[in-house]
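First comes the structure, then the notes that go with it.
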Amino acid sequence: MPELPEVEVSRLGISPHLINQCIKSIIVRQKQLRWPIPDEIQQAVGLEVIDVRRRAKYLMIDTEAGSIILHLGMSGKLRVIESSNAPQKHDHVDIVLENGQCLRYNDPRRFGACLWHPHTAIEKQEPHPLMVNLGPEPLTDAFDSQRLYDLSRGKTKAVKNFIMDNHVVVGVGNIYASEALFFSGIDPRKAAAKVSKKRYQSLTDEIKKVLAHAITQGGTTLKDFAQTDGKPGYFAQELQVYGRAGKPCNRCQSPIESVVIGQRNSFYCPKCQL
DNA sequence: AGCTCAACCTGCTGGC
DNA sequence: TGCCAGCAGGTTGAGC
């Protein structure tokens, strides 16, 4: 379900309920996610939540002793509810607060993760191993067209795969990759090395625009994404190409086409994207 | 080094 | 109505 906008919407939704609250208990009903949930996560019990941060599609719930790292995978959802609410199917983890509320993590496909990153004295500033090799955040100045251009030289893979590579830039998933390529008029199948500097400038701008705008709309709800208050994301109705195979392009009326690139279904307008 | 592909898991949809 | 194949927002790691 989540790309970067959906994760950021989740962060914005949960953080005011968590920050400065004390963790009373952590209930793990299903520890077998992408990786097993480590028992060390219990080190957060009794501590106050200092901050809720996001890096790429990871959420970090910071305490004095370390951070709980959450990843929503394909189907993960977070909600803040009364901890007395009966758990439903696939409600794998509760982070229960002393005020009676809890952060409940639900993930049918269990592609997500819930990990613990201790702040030991020696490695207090060390990032988690999962985050060591991540590229820049797309909504910061560290992500610019020069970087895309430089890294793309010699790359034969499709430009869509290239911008979805977390070493290049994080947070661009299958939906927004297709959308940004549409707005910049680039054929998603084109080899990354064959895209000009000028077009990487456009692509960089469009990636930033589409992600930032999707965040303001509460993300994209396709099947089951919900904001943490249960409302759907409203960006789905603004999608130009994703999921619109056979429907007319909003710019030129040509039928949108779909093609599999790097195992992922991809959508583009054959007239607007060259 | 760079690229492709299988794998992780459940649920939903569409065709027969 | 039922069954089964195919597909889904992500990421890692094996293998070429």
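Every value quoted in this text rests on a predicted model; they were computed, and no experiment measured them. Note on naming: letters A, B, ... go to the chains in the order of the sequence lines (proteins, then strands), and numbering restarts at 1 for each one.
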Counting side-chain heavy atoms from C-beta on, which of [options] comes nearest to [X]?
{"X": "K157(A)", "options": "dT11(C), dC3(B), dA8(C)", "value": "dC3(B)"}
{"X": "H90(A)", "options": "dG11(B), dT11(C), dA6(B)", "value": "dG11(B)"}
{"X": "E3(A)", "options": "dG11(B), dG2(B), dG9(C)", "value": "dG9(C)"}
{"X": "P108(A)", "options": "dG11(B), dT12(C), dG9(C)", "value": "dG11(B)"}

Under-4.0 Å side-chain N/O to phosphate OP1/OP2 contact, [X] with [N]:
{"X": "K89(A)", "N": "dG11(B)", "result": "yes"}
{"X": "H71(A)", "N": "dT11(C)", "result": "yes"}
{"X": "R109(A)", "N": "dG9(C)", "result": "no"}
{"X": "K57(A)", "N": "dT11(C)", "result": "yes"}
{"X": "T156(A)", "N": "dG2(B)", "result": "no"}
{"X": "N161(A)", "N": "dC3(B)", "result": "no"}
{"X": "N166(A)", "N": "dG10(C)", "result": "no"}

Roughly how many Å is it from [atom1] in [X] to [atom2] in [N], rounded to a whole number?
{"X": "N133(A)", "N": "dT12(C)", "atom1": "CG", "atom2": "P", "result": "9 Å"}
{"X": "R110(A)", "N": "dG10(C)", "atom1": "CZ", "atom2": "C1'", "result": "16 Å"}
{"X": "L33(A)", "N": "dC8(B)", "atom1": "CG", "atom2": "C1'", "result": "11 Å"}
{"X": "F267(A)", "N": "dC7(C)", "atom1": "CZ", "atom2": "P", "result": "11 Å"}
{"X": "E6(A)", "N": "dA8(C)", "atom1": "CD", "atom2": "P", "result": "17 Å"}
{"X": "L130(A)", "N": "dT11(C)", "atom1": "CG", "atom2": "C1'", "result": "9 Å"}
{"X": "H167(A)", "N": "dG13(C)", "atom1": "NE2", "atom2": "P", "result": "11 Å"}
{"X": "K155(A)", "N": "dA1(B)", "atom1": "NZ", "atom2": "P", "result": "11 Å"}

Using a cut-off of 4.0 Å on non-hydrogen atoms, how would the nucleic acid contact of [X] be classed: base, sugar-phosphate, or nothing?
{"X": "R34(A)", "answer": "base"}
{"X": "Y242(A)", "answer": "sugar-phosphate"}
{"X": "Y58(A)", "answer": "sugar-phosphate"}
{"X": "D107(A)", "answer": "nothing"}

Whichever of G154(A) and Q263(A) has its nearest DNA chain B nucleotide further upstream toward 5':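 Mapping each residue to its closest nucleotide by heavy atoms, the 5'-most match is G154(A).
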Just to verify, which of I14(A), L103(A), L115(A) counts as forming a side-chain contact (heavy atoms from CB on, under 4.5 Å) with L70(A)?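 Of all the options given, the one that passes is L103(A).
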Using the aromatic ring of F111(A) (for Trp, its six-membered ring), decide whether it stacks on the base of dC8(B) within the limits of 5.5 Å and 30°.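 Stacking between F111(A) and dC8(B): present.
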Give a yes or no on whether a salt bridge exists between D62(A) and R53(A), defined as a side-chain N under 4.0 angstrom from a carboxylate O.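 So D62(A) pairs with R53(A) through a salt bridge.
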Inspect the surroundings of NZ in K24(A) and state if more than 12 heavy atoms from other residues, nucleotides or ligands are less than 6.0 Å away.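 Counting neighbours around NZ of K24(A), 12 or fewer heavy atoms of other residues, nucleotides or ligands fall under 6.0 Å, so no.
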Using the P atom in both, what is the distance from dC7(C) to dC5(B), to the nearest Å?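 15 Å, rounded to whole Å.
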In terms of ring plane angle, is the pair Y105(A) and H92(A) parallel, tilted or perpendicular, where the classes change at 30° and 60°?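 Ring orientation of Y105(A) relative to H92(A): tilted.
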Could you tell me the Watson-Crick or G-U partner of dG9(C), where both distances fall under 3.5 Å? Say none if there is no partner.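 Partner of dG9(C): none found under 3.5 Å.
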Quick one about N174(A) and K160(A) (side-chain donor to acceptor, distance below 3.5 Å, no hydrogens or angles considered), yes or no?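 Note: K160(A) and N174(A) side chains meet the donor-acceptor criterion.
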Does the side chain of H167(A) reach to within under 4.5 Å of the side chain of N133(A), using non-hydrogen atoms?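 Yes. Closest side-chain heavy atoms under 4.5 Å.
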